[in-house]
Amino acid sequence: MRNFLIFVAAIVLAVWYFRRAPHDVPTGPSRGAANATSRGPGCLAAAESANRSLSDATRLLLSTPVDASKWSDADSGVSSAIASAESACSGGATEAERAGMENARDALALMRMTLAEGAKAALGAGGFQGAMRQEAIDNRLASARSKLGLR
């Protein structure tokens, strides 16, 4: 029985060792110091928050007529969220971080275009193609997340 328990413990230990994720591996002090000053995760979080705000605002366009005061509040909130994200997405300590932040800024530019188009649609001055642009925004945010090493 004792040999059987030792055998099972060895298998459990082997499974744990080979299945652990790369982030479970201890890192050296230089990597930790670089991550402490990294602005990439904050940039991505701000960009994703702005994207959620944009999504909430565009839902207002689904019911016609669009409530002008609700749209105005949503428009200014989204514009503020995008501006905050743009300021959070400047700089970058490494090449990968700069590339990830550039992708996030590209997504923010697409968000601005979507918001402007939504404002026209809310006034009845044109159609709204934001749903098609949303895929491009999501792809750029996913690329930024990947380049920043966030999954």
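- When all heavy atoms of A57 and V78 are compared, the pair lying nearest together is CB-CG2, 3.8 Å.
- Shown here for R140 and D106, the closest heavy-atom pair between the two residues is CD-CB, 3.5 Å.
- Between R59 and D56 there is a salt bridge, since at least one side-chain N of the basic residue sits less than 4.0 Å from a carboxylate O of the acidic one.
- Summarising the geometry, atom CG belonging to L61 is positioned 11.5 Å from atom CG belonging to D67; distances are rounded to the nearest 0.5 Å.
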Inset, instruction - Might you work through the side-chain contact (heavy atoms from CB on, under 4.5 Å) test for L141 and M111, ending with a clear yes or no? - result: CA-CA 11 Å; L141 289 176; M111 287 180 217; 4.2 Å; yes

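- When hydrophobic clusters are built by joining Ile, Leu, Val, Met, Phe, Trp and Tyr residues whose side-chain heavy atoms come closer than 4.5 Å, directly or via intermediates, M101 is not grouped with I137.
- Between the side chain of S84 and the main chain of S80, a donor-acceptor pair closer than 3.5 Å is present.
- Interatomic distance, I82 CD1 to L54 CG, rounded to the nearest 0.5 Å: 6.0 Å.
- The nearest pair of heavy atoms linking L44 to A144 is CD1-CB, 4.1 Å.
- In this structure, D138 CG and S143 OG are separated by 12.5 Å, a value rounded to the nearest 0.5 Å.
- In the hydrophobic clustering of this structure, L123 does not group with V66; members are Ile, Leu, Val, Met, Phe, Trp, Tyr whose side-chain heavy atoms approach within less than 4.5 Å, directly or through other members.
- In this structure, R39 and C89 have side chains that are not in contact, with every pair of non-hydrogen atoms separated by 4.5 Å or more.
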Inset, instruction - Apply side-chain contact (heavy atoms from CB on, under 4.5 Å) to the pair Q134 and T114, showing each step before the final yes or no. - result: CA-CA 8 Å; Q134 186 61 47; T114 303; 5.8 Å; no

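- Expressed to the nearest 0.5 Å, how far SG of C43 lies from CD of E48 amounts to 9.5 Å.
- Atom CG of N103 sits about 10.5 Å away from atom CG of N139, to the nearest 0.5 Å.
- Applying the salt bridge (charged side-chain N to carboxylate O under 4.0 Å, His left out) test to pairs two or more places apart or on separate chains, those with a residue in residues 107-119 are E86-R112, E117-R133.
- Not one N or O on the side chain of E97 forms a donor-acceptor pair closer than 3.5 Å with the backbone of L148.
- Summarising the geometry of G118 relative to W71, their closest heavy-atom pair is C-CZ2, 3.5 Å, with the distance given to 0.1 Å.
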